[in-house]
Amino acid sequence: MTQAVRVRFAPSPTGLMHLGSLRTALYDYLLARKTNGQFILRIEDTDQNRLVEGSIENLIDSLKILGINCDEGPEIGGNYGPYIQSQRLEIYHQHINELLDKGLAYHCFCTKEELDQHRQAQMNLKQNPKYSGKCRSLTPDEIKAKIDAGLDYVIRLKMPEDRTFSFNDAIRNKVEIDSSLVDDQVILKSDGFPTYHLAAVVDDHLMQITHVLRGEEWLPSTPKHIYLYECFGWTPPIWVHLPLLLNTDRSKLSKRHGDFSVQNYLNLGYLKESIINFVALLGWHSAEDRELFTLEELVNEFSIERVNKAGAIFDITKLEWMNGWYMRNLDVKYIAQEAKPFFTKANIDVSDHNKYLKVIATAREYASTLIQLIDFSKVYYQDFTLSDEDLAIVKEENSQKVLSWFHIKLKAQAEWTKDEINALVKEAIATLGIKGKHLYFPLRIALYGSSHGPEIPTLIDNLGLNEAIRRLSLFL
RNA sequence: GACCCCUUCGUCUAGGGGUUAGGACUCCAGAUUUUCAUUCUGGCAACAGGGGUUCGAAUCCCCUAGGGGUCGCCA
């Protein structure tokens, strides 16, 4: 795809940004960057009842943190603004009036109760629930009278009958839906706000969107959108219906099964690198069968042609592995910096930067998230309590020999390099005649609080000489 | 219920007429490591079923089944 695309990510501000939205935004972004096109953020806040305060900020922040930068949007503006739908009401009204004038839409005065009743009756008869068309042929006089009487109304799109809507989806190829199945969609609600269907089509056209990437759940309503394009005499965009992200039980990813917000994974200590990399792989696969990618590499590799049709279960096990991989392979300074807020929150004073870096370098071999880093680091900062088993090992006669020998030796020198400590360990083996776990376990237990863990020179180096000596003395 | 979409190891997936059906995660085993973690090597594990078409089908066609989505003045 060499033609520059204009794509939009158009979330509703109804809560925290979740992983499904992130994937859509990511694919939008990758496509835009790859073709030197534009990635636009548009806020679809036409449902005033579902607005959640702070969602717009969370959306913008999440994208920013992950490095998915947009070219146009509410924060940065652009030539096609405003980018928040509640600020574009006049535009929608103009377009709805145009449809009304052309006789392609009509006023509907049916109350919610009436509609619900009608729907229920149809469902009871096992019929396809659909609007009755009751208000389809109201005369202008009747309409005026009802409006004058102060009745609430909506505007509906008059869907043509006996037509087959056929369209080409970039992922699913040809899709056909019979128009008799498509309802006379409400395009303007009684509160004066447009519905998604109208607003999205108008905006996508006015903002010159070339590719509409959205979840598969929109497939059945695409005929409505195509028909709207037709009514306005516009050319529809290329449709790209992405496979759904699924819960472990194969249902659409939802809050009921857990917190799938981007914020949640960030809070859990997942790196943005792995979140992006992992989410990219849910429905897309590189031609080279490679799986580890930076965002920049994804831009180069990504293509819609290689997006799958089938939904993908979000399974955290692989994310965990991938995050661990990034923890171990990214620059240790970067990991340390990203981990710092977690340490601060856990009240661990890591102001000794040198020590902190050493600790992180060691701990990241054991941890698969930033937050787990704390579990493997706090022992260098805080005292610990021993298990009965470990305490027994330390109390053994040979253990005591080892500990006191090291205690004396370490005090004899003001500074020790890791190499020197290594030599010291060898000397201990030779002079004490104690080796293997009988040597290492008591040392590690006294210094680190566990018989398993990093090697002795590393422990002493991370702890600092004085602290190491102090800990040894504690068990003598 | 109607319509639409989908179906390769447990999971993410490659392959799209001739492959020992490949990779990754998980799990198991071995090696390395004083230990643990890492790393490396190896192993277990899949074409939903049935019919066609074809010399040959995981791949193309049809049917069935299963799963999902949609059917709102939500998006």
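FYI, side chains are in, hydrogens and waters are out, and symmetry mates aren't considered; it's all heavy atoms of this structure.
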Handout entry: base_contact_polar (B:rU38 base, A:Arg328 side chain, donor-acceptor, <3.5 Å)
Key = no
Practice task
Measure the distance from NZ on A:Lys435 to P on B:rU35 and round it to the nearest whole Å.
Solution key: 13 Å
Practice task
Could you work out the separation of B:rA14 and B:rU19 based on their C1' atoms and round it to a whole Å?
Solution key: 12 Å
Practice task
Please determine if a side-chain N or O atom of A:Lys252 lies less than 4.0 Å away from the OP1 or OP2 oxygen of B:rU70.
Solution key: yes
Problem - Rounded distance in Å - CZ (A:Arg172) to P (B:rC3) - result: 19 Å
Practice task
Determine the Euclidean distance between corresponding C1' atoms of B:rC60 and B:rU53; express it in Å to zero decimal places.
Solution key: 8 Å
Problem - Phosphate OP1/OP2 of B:rU13 contacted by A:Asn308 side-chain N/O (<4.0 Å) - result: yes
Handout entry: Interatomic distance, A:Phe167 CZ vs B:rC4 P [rounded to whole Å]
Key = 11 Å
Exercise for the section: Considering only atom C1', compute the distance from B:rG22 to B:rU59 and round it to an integer number of Å. Expected result: 15 Å
Practice task
Using the C1' atom on both, measure B:rC47 against B:rG15 and round to a whole Å.
Solution key: 11 Å
Exercise for the section: Check whether the side chain of A:Ser190 and the base of B:rC73 form a donor-acceptor pair under 3.5 Å. Expected result: yes
Practice task
Please report, rounded to the nearest Å, how far the C1' atom of B:rC25 is from the CD1 atom of A:Ile313.
Solution key: 14 Å
Problem - Any donor-acceptor N/O pair under 3.5 Å between B:rG72 base and A:Asp183 side chain - result: no
Exercise for the section: Using the C1' atoms only, state how far B:rG69 lies from B:rG50, rounded to an integer number of Å. Expected result: 27 Å
Problem - Closest to the A:Ala312 side chain, choosing from B:rC73, B:rC6, B:rU13 - result: B:rU13
Exercise for the section: Could you check whether A:Gly215 gets within reach of a base, just the sugar-phosphate, or nothing at all, counting any heavy atom under 4.0 Å? Expected result: nothing
Handout entry: Residues A:His438 and A:Asn398: side-chain donor-acceptor under 3.5 angstrom
Key = no
Exercise for the section: State, without any angle test, whether A:Thr369 and A:Asn323 hold a side-chain donor-acceptor pair at a distance under 3.5 Å. Expected result: no
Problem - Nearest-angstrom distance from the residue atom CD1 of A:Ile187 to P of B:rA75 - result: 13 Å
Practice task
Check whether any side-chain N or O of A:Ser451 sits under 4.0 Å from OP1 or OP2 of B:rC36, and answer yes or no.
Solution key: no
Practice task
Could you verify whether a donor N or O on one side chain and an acceptor N or O on the other, from A:Asp249 and A:Ser251, lie under 3.5 Å apart?
Solution key: yes
Problem - Donor-acceptor pair (no angle test) under 3.5 Å: A:Glu217 side chain, B:rG68 base - result: no
Exercise for the section: Measure the distance from CG on A:Asp169 to P on B:rC4 and round it to the nearest whole Å. Expected result: 15 Å
Practice task
May I ask you to evaluate whether A:Lys189 reaches the phosphate of B:rC74, defined as a side-chain N or O under 4.0 Å from OP1 or OP2?
Solution key: yes
Handout entry: Cation-pi check, A:Lys224 onto A:Tyr196 ring (under 6.0 Å, within 45° of axis)
Key = no
Problem - Parallel, tilted or perpendicular: ring planes of A:Phe9 versus A:Phe39, cut at 30 and 60 degrees - result: parallel
Problem - Nearest-angstrom distance from the residue atom CG of A:Leu59 to P of B:rA75 - result: 16 Å
Problem - Contact under 4.0 Å: A:Arg119 side-chain N or O vs B:rG72 OP1/OP2 - result: yes
Problem - Cationic tip of A:Arg163 above A:Phe165 ring, under 6.0 Å, 45° of axis - result: yes
Handout entry: Under 4.0 angstrom between A:Lys309 side-chain N/O and B:rG68 OP1 or OP2
Key = no
Exercise for the section: Write down the distance between CG (A:Leu373) and C1' (B:rU38), rounded to a whole number of angstrom. Expected result: 15 Å
